[in-house]
Amino acid sequence: MTEISPVLSDDQATAYDTIAEMLRGAGVDIEDGVCLPAKAGKTSAMAVMGKAGSGKTLLLAQMCRDLKEAGVDIVSGDYEGRNRKDRRTLAVLAPTNKAASVLRLRGVPATTIHRILYTPVYDPEYERIAEWLMGEGERPEIEGLTDIALDRAQAFFAINKSVPGALAAAGLRGSDFITGWKRREDPLDIGFIDESSMLDDRQFDDLREIFPNLVLFGDPAQLAPVNQSGTMVFDRLADQSKLMLNRVHRQEQDNPILDLAHMLADPQLGFEDFEAEITRIAKHDERVRIGQRVEVDLMARSPVLVWRNATRIRLINAFRSVYDAPDDELLEGEPLICDGIELPLKHRRKRLDLEARGLIKGAQVIYLGPGRKPGFSRLHVIGAEDPQVSAASIVKIEKPDEEEPFIPFAARMGAAFLHGAAVTIHKAQGSQWNTVQVFAPDLWAAARTGRSEAGQALWKRLAYVAITRAQENLFWVVRNRLSRPETPLSVADLKSTPRAPLTLLQETEEI
């Protein structure tokens with residue numbers, strides 16, 4: 001069945017044509033389907049900016065499809081195949097696992113920025129399977145793998161375009177065919193970066209070293225990265241390299257959440273007026289609700305969004321208390337946030353193993369239970385392409401009015417985690433959930449400070465980011481209360497995953 005291309009609005013069409021002209025200058029002609037060899041030393045960067053619902057993702061997805069039809073190879077980070085001099089490539093990247101997964105759900109083969117920096121080293125025997133799947137070699141004959149197993153791998157790859165997933169479908173584990181990870185040495189070609197408002201200057205400079213042709217997609221109304229003094233990487237580009245999308249496409253579907261988000265642009269709008277508008281909408285639209293308490297059952301998969309760190313810590317401890325979680329262990333189903341990898345330099349390979357599997361700083365994780373060795377945890381990485389991993393873990397539970405966190409259990413070193421039942425709005429950028437709870441008393445406190453960021457009241461930027469994390473339902477919580485759980489914590493919803501889990505970090509040695 002032929003896929004019908006969406007009809008682009010005037011502003012989208014203008015942005016499309018401008019980017020196409022930039023790529024034509026780099027030797028990739030989308031219209032005529034011509035891909036010339038890349039020219040050394042020629043670089044260009046452009047930004048497509050727009051608020052939530054302006055059609056940035058729709059434009060990105062259309063350009064991705066058209067570039068593929070023109071003969072550009074999509075680089076996913078799984079396996080890149082043989083390097084050809086005349087090859088032109090495109091990588092679609094996002095700063096977080098969750099942001100990349102949102103794009104993949106919309107048919108865009110995206111991966112994380114970190115994941116593209118590190119590439120897997122395949123066992124030579126199983127690399128033959130990868131080459132065959134990529135159309136670069138003949139069907140291999142490998143001892144221990146039947147024709148049925150290879151057929152399963154081929155059928156999986158035809159649908160999902162993932163070499164690791166296809167090898168897993170053949171009955172292999174990650175440790176069978178991936179021997180390690182290495183830092184990317186060769187530059188890539190065209191890079192589309194989603195959620196670019198999250199990038200800081202250092203990350204932007206790293207990307208410009210890798211991609212001579214770079215297009216940023218981002219929302220200038222979001223919060224700037226920490227330590228950026230309210231500025232975003234868009235500000236470094238010349239005016240002629242910045243494209244603005246103004247039309248709010250999703251509002252045609254009568255989306256009250258986006259209505260609220262765009263209302264925040266009114267400079268005369270006060271906090272009380274905004275909350276009154278939320279109350280008005282909630283009376284006739286069930287997608288927006290005024291909550292008299294935090295619904296604890298939602299917190300295990302969708303954290304409460306707060307401004308103040310003290311609020312976050314109080315809500316986390318209240319969450320654990322109502323589930324009767326003991327101080328010395330985690331319950332299956334508790335949410336965690338990766339806080340980085342605590343490993344010395346001599347364990348660089350193990351660090352790459354963990355980071356390449358999605359355990360990067362800020363990753364959302366669900367605890368599945370203890371591993372086979374003390375200090376190890378079985379984890380589900382939300383939004384990762386191969387989500388289940390076992391790793392040595394250091395879990396920190398922060399306590400109100402205590403400087404040092406309580407550590408219920410820990411390996412000597414490994415992946416460090418904070419609890420994830422509540423997160424700050426800054427950390428929530430790049431993520432989306434079907435239902436989002438926003439803790440309004442914190443935003444009221446931000447409004448009382450009178451602070452501003454890049455010329456806009458801080459509380460408005462916080463509110464904008466918080467409510468646009470909601471895909472379907474918004475709970476505006478107005479009181480500092482917590483409900484009792486209706487069901488116990490569970491991991492049943494995570495056990496049916498689209499791919500067989502790959503265990504790249506085996507529990508044969510402690511890290």
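All values below come from the heavy atoms of this structure, side chains included, with hydrogens, waters and symmetry mates left out. Note that the structure is a prediction, hence the values are computed from the model and not measured.
Under the 3.5 Å distance criterion, the side-chain polar atoms of Arg312 are left unmatched by any main-chain donor or acceptor of Val423. Counting only distance, with no hydrogens or angles, the side chain of Arg287 and the backbone of Asn473 share no donor-acceptor pair below 3.5 Å. Between the His262 side chain and the Ala52 main chain, a donor and an acceptor come within less than 3.5 Å of each other. Thr89 places no side-chain N or O within donor-acceptor distance of the main-chain N or O of Val75, the cut-off being under 3.5 Å. Counting only distance, with no hydrogens or angles, the side chain of Lys396 and the backbone of Leu418 share no donor-acceptor pair below 3.5 Å. Side chain of Lys56 to main chain of Leu245: no donor-acceptor pair is present (N/O by atom type, distance under 3.5 Å, no hydrogens or angles). Asn317 places a side-chain N or O within 3.5 Å of a backbone atom of Glu398 that can act as its donor or acceptor partner. Looking only at distances, a side-chain donor or acceptor of Asp11 sits under 3.5 Å from a matching main-chain atom of Asn246.
In this structure, Val233 and Asp201 have side chains that are in contact, with non-hydrogen atoms separated by less than 4.5 Å. For the pair Leu223/Tyr464, no side-chain contact is recorded, criterion being any heavy-atom separation below 4.5 Å from C-beta on. Met299 has its side chain out of reach of Ile316: every pair of non-hydrogen atoms, C-beta onward, lies at least 4.5 Å apart. Side-chain contact check for Leu379 versus Gln388: every heavy-atom pair is 4.5 Å or farther apart. At a threshold of 4.5 Å between non-hydrogen side-chain atoms, the residues Leu93 and Thr112 do not count as touching. Counting heavy atoms from C-beta outward, Trp459 and Phe274 have side chains that approach closer than 4.5 Å. Side-chain contact between Pro303 and Trp433: present, with at least one pair of heavy atoms (C-beta onward) separated by less than 4.5 Å.
Taken from CG in Leu305 to OG1 in Thr311, the straight-line distance is 12.0 Å, to the nearest 0.5 Å. Interatomic distance, CD1 of Ile278 versus CG of Asp259, reported as 12.0 Å (0.5 Å rounding). In this structure, Asp205 CG and Gln203 CD are separated by 10.0 Å, a value rounded to the nearest 0.5 Å. Note that OG of Ser197 is 11.0 Å distant from CE of Met49, once rounded to the nearest 0.5 Å. For the atom pair CZ (Phe475) and OG1 (Thr435), the distance works out to 6.0 Å, reported to the nearest 0.5 Å. With values rounded to the nearest 0.5 angstrom, Leu216 atom CG is found 12.0 Å from Met232 atom CE.
With sequence neighbours excluded, the residues that form a side chain to side chain contact (heavy atoms under 4.5 Å, CB included) with Gln456 are Lys460, Arg461. For the ring-ring contact (aromatic ring centres under 6.0 Å, His included) test, residues two or more places apart in sequence or in another chain that qualify with Phe319 are Tyr323, His419. Leu36 is linked by a side chain to side chain contact (heavy atoms under 4.5 Å, CB included) to Val34, counting only residues two or more places apart in sequence or in another chain. With sequence neighbours excluded, no residue forms a salt bridge (charged side-chain N to carboxylate O under 4.0 Å, His left out) with Glu275.
With respect to Arg88 and Asp73, no salt bridge is recorded, no charged nitrogen being found less than 4.0 Å from a carboxylate O.
If you run side-chain contact (heavy atoms from CB on, under 4.5 Å) between Ile193 and each of Leu199, Leu60, Val92, only Leu199 comes through. None of Asn213, Leu67, Leu90 except one satisfies the side-chain contact (heavy atoms from CB on, under 4.5 Å) rule with Val28; the exception is Leu67.
Between Ser431 and Gln364 the shortest heavy-atom distance is OG-NE2, 3.6 Å. Taking both residues in full, the closest heavy atoms of Thr449 and Trp307 are given as CG2-CH2, 4.1 Å, listed atom of the first, atom of the second, then distance. Smallest separation of non-hydrogen atoms from Ala70 and Cys35: O-SG, 3.2 Å. Across Cys64 and Pro109, no two heavy atoms sit closer than the pair SG-CD, 3.9 Å. Pairing each heavy atom of Gly430 with each of Thr96, the nearest pair is O-OG1, 3.6 Å. Summarising the geometry of Thr468 relative to Ala261, their closest heavy-atom pair is CG2-CB, 3.6 Å, with the distance given to 0.1 Å.
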With a cut-off of 3.5 Å and sequence neighbours excluded, list every side-chain donor-acceptor pair involving residues 14-21.
unit_1 : atom_1 : unit_2 : atom_2 : d
Thr14  : OG1    : Asp10  : O      : 2.9
Tyr16  : OH     : Asp66  : OD2    : 2.5
Thr18  : OG1    : Thr14  : O      : 2.8
Glu21  : OE1    : Arg24  : NH1    : 2.3

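In summary, the aromatic rings of Trp476 and Phe439 are positioned with their centroids too far apart to meet the 6.0 Å limit.
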Checklist entry - Are Arg301 and Asp493 close enough, and set up right, to give a salt bridge (charged side-chain N to carboxylate O under 4.0 Å, His left out), and what steps lead you there? => result CA-CA 10 Å; Arg301 297 293 181 271; Asp493 59 316; 3.0 Å; yes
Next on the checklist: Run Phe204 and Leu214 through side-chain contact (heavy atoms from CB on, under 4.5 Å) and show every step you take.
Outcome noted: CA-CA 10 Å; Phe204 183 47; Leu214 196 62; 3.7 Å; yes
Item to check | salt bridge (charged side-chain N to carboxylate O under 4.0 Å, His left out) between Arg87 and Asp189, intermediate numbers included | outcome: CA-CA 9 Å; Arg87 183 187 187 208; Asp189 190 354; over 6 Å; no
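Sorted by first and then second residue, the salt bridge (charged side-chain N to carboxylate O under 4.0 Å, His left out) pairs with a member in residues 429-444 read Arg308-Asp442; sequence neighbours excluded.
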